[in-house]
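Structure in structure tokens, see below.
Whatever order the structure lists them in is the order used to number ligands and atoms, beginning at 1. These numbers come from the heavy atoms of this one structure, side chains and all, not from hydrogens, waters or symmetry mates.
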Amino acid sequence: MKRFLTLSVIFALTVCCGRPSEVVVGPELPNPILPGFHPDPSIVAVGDDCYIVNSSFQYFPGVPIYHSRDLAHWEQVGNVLDRPSQLPLQEATSWLGIYAPTIRYDNGIYYMITTNVGNGGNFMVTATNPAGPWSEPVYLEQQGIDPSLYFEGDKCYMVSNPDGVITLCEIDPATGKTLSPSKPIWTGTGGRYPEGPHIYRKGGWYYLLISEGGTELPHRLTVARSKHIYGPYKSNPANPILTHCSQAGQDNIIQGTGHGDMFQRPDGSWWIVFLAYRRYGGDFHHLGRETFIAPVTWENGWPVVNGGKPIKENKPEGVSKRYLWDTIGPEWMHLQHPQKENYALAEGKLILTGNGDGFDWGNWHPTALLRRQEGADASICTSVKLSSDGEAGLALYQIFCGFATLSVRRTGAKVEAVVRFKVRSIDKEEAVIPLPTAEATLEIREAGEMYSFLVNGQSIASLESPLLSSEVVGGFTGVTWGPYCKEGVACFGPLEYEHNENRIQ
Ligand code: 6LW
């Protein structure tokens, strides 16, 4: 049954300068707004148009960008990093590659700044249209993860966290050159991993918003302010301004709240997008860190997130899509750079050619098209036909040591359906079922925290979804899935993807 709780809350807004309270009423919004693997959100609001970017780690293309005018409906308008020249990914895994991006707008230009961990460090790209094309990367001198930009007049400041200290410098946004010495400005309130800094200006103050505690359960948002951009920054006495690592938040399905970015709408209202994950089957999450939203009010000159209350889940509407393979949309990704010659579309079929790479560590370029699993009640289904000896089917991927495949394997006259699980040191073929021909309908379905693997409508194996969680197998990403071909040539028919969490009571 469709459950659509309301996030609408009436907030008394006590403005720091003592003006009378103003009432802000939030619209009814789903939460998460971007379900599934959408970590480290950053947002820019230009008039009514809002754009969110997320980190993408080892995936190509990288840094998905979403557009909305109402904060409820988000459409992916592209990927910021869609050319290999922008995104070297050598040996990148679910722990490496593109970390938290920031998106900003100044004087007709959109900026996206991020860190490519393991392949070049901090860089930024620019565009006049957020849907692209984006420029080639401009590499930056100040290191530390989670770089952000703050524009004021003709000055551009960069803030990041070298050596775990929030550090500021002025840069030339055209060349990336540092124009002033890097100055440490805050270490947070004592939580581990001070990171994710953003600077905002309001009412004569510079506000420095950061995350502390690490991206797991103790994650939190804290804020400090100063009259001068280089400090001294004074910590908000009411910190943290958001955490679910508290008595009020401890039983919430939503955990790990942190890494946020505030923004203001044309109506004057303030908001924040941030990451959190939903736990399933105990203290596990396998869908990745997702993007949530909450209203921000100001009390005594400090931002207050969601009226100081925990964030409530408001299950997004379900999605049902049929891919006819006339085109490949921006939601489809590869692990590292695709070998383009191994992908073809013909007459409504997807034709994949294997190169021997599967999903284990060191298999850098598997022929695979993967999209995010965006709900815990979801399925993906397609037909596959192998026209030669080989292996092809559907992959369910979290990390090189946490994945499953459901495939058709053909060796001469012998044809089998095979389910393989890889969960840390456990690596086994769970089911091997003879097939009459090298053609089958394959489906992976999740319901009730259990994945089922179906061949021609029959379930042949199952796997508890917490086994593919970040807590068990690691990584900064979330589950993705889709067609792959390890060896031989495989022809895939239309693919159906569905998620509908509102079926879960
Ligand atoms: C990101 C950091 C974080 O750079 O996790 O949760 C890191 N926050 O800010 C990787 O996503």
Open item on the list: Applying salt bridge (Lys or Arg N to Asp or Glu O under 4.0 Å), can you list everything that pairs with Arg372, at least two apart in sequence or on another chain?
Closed with: none
- [ ] Flag yes if more than 12 heavy atoms outside Tyr193 fall under 6.0 Å of its OH atom; otherwise flag no.
- [x] no
Present, as a list of atom pairs with distances to 0.1 Å, all nitrogen or oxygen contacts under 3.5 Å between ligand 1 and the protein.
residue, atom, partner, partner atom, Å
ligand 1, 4 (O), Asp146, OD1, 2.5
ligand 1, 5 (O), Arg289, NH1, 3.2
ligand 1, 6 (O), Thr215, OG1, 2.7
ligand 1, 6 (O), His219, NE2, 3.4
ligand 1, 6 (O), Arg289, NH1, 3.3
ligand 1, 8 (N), Asp40, OD1, 3.4
ligand 1, 8 (N), Glu195, OE2, 3.3
ligand 1, 9 (O), Asp146, OD1, 3.4
ligand 1, 9 (O), Asp146, OD2, 2.4
ligand 1, 9 (O), His259, ND1, 2.9
ligand 1, 11 (O), Asp40, OD1, 3.3
ligand 1, 11 (O), Asp40, OD2, 2.5
ligand 1, 11 (O), Arg289, NH1, 3.2
ligand 1, 11 (O), Arg289, NH2, 2.8

Identify every side-chain donor-acceptor pair in residues 166-176 under 3.5 Å, counting partners at least two apart or on other chains, and give the distances.
residue, atom, partner, partner atom, Å
Thr167, OG1, Val165, O, 2.8
Asp172, OD1, Ala174, N, 2.8
Asp172, OD2, Thr175, OG1, 3.4
Thr175, OG1, Lys177, N, 3.1

TODO: Cation-pi check, Arg371 to Tyr497: give yes when NZ or CZ is under 6.0 Å from the six-membered ring centre and within 45° of the ring axis, no otherwise.
DONE: yes
- [ ] Kindly say whether Ala395 contributes a backbone atom to a donor-acceptor pair with the side chain of Thr405 at under 3.5 angstrom?
- [x] no
- [ ] Mind checking ring pair (Phe, Tyr, Trp, His ring centres under 6.0 Å) for Tyr200 and listing every partner two or more places apart, or none if nothing turns up?
- [x] none
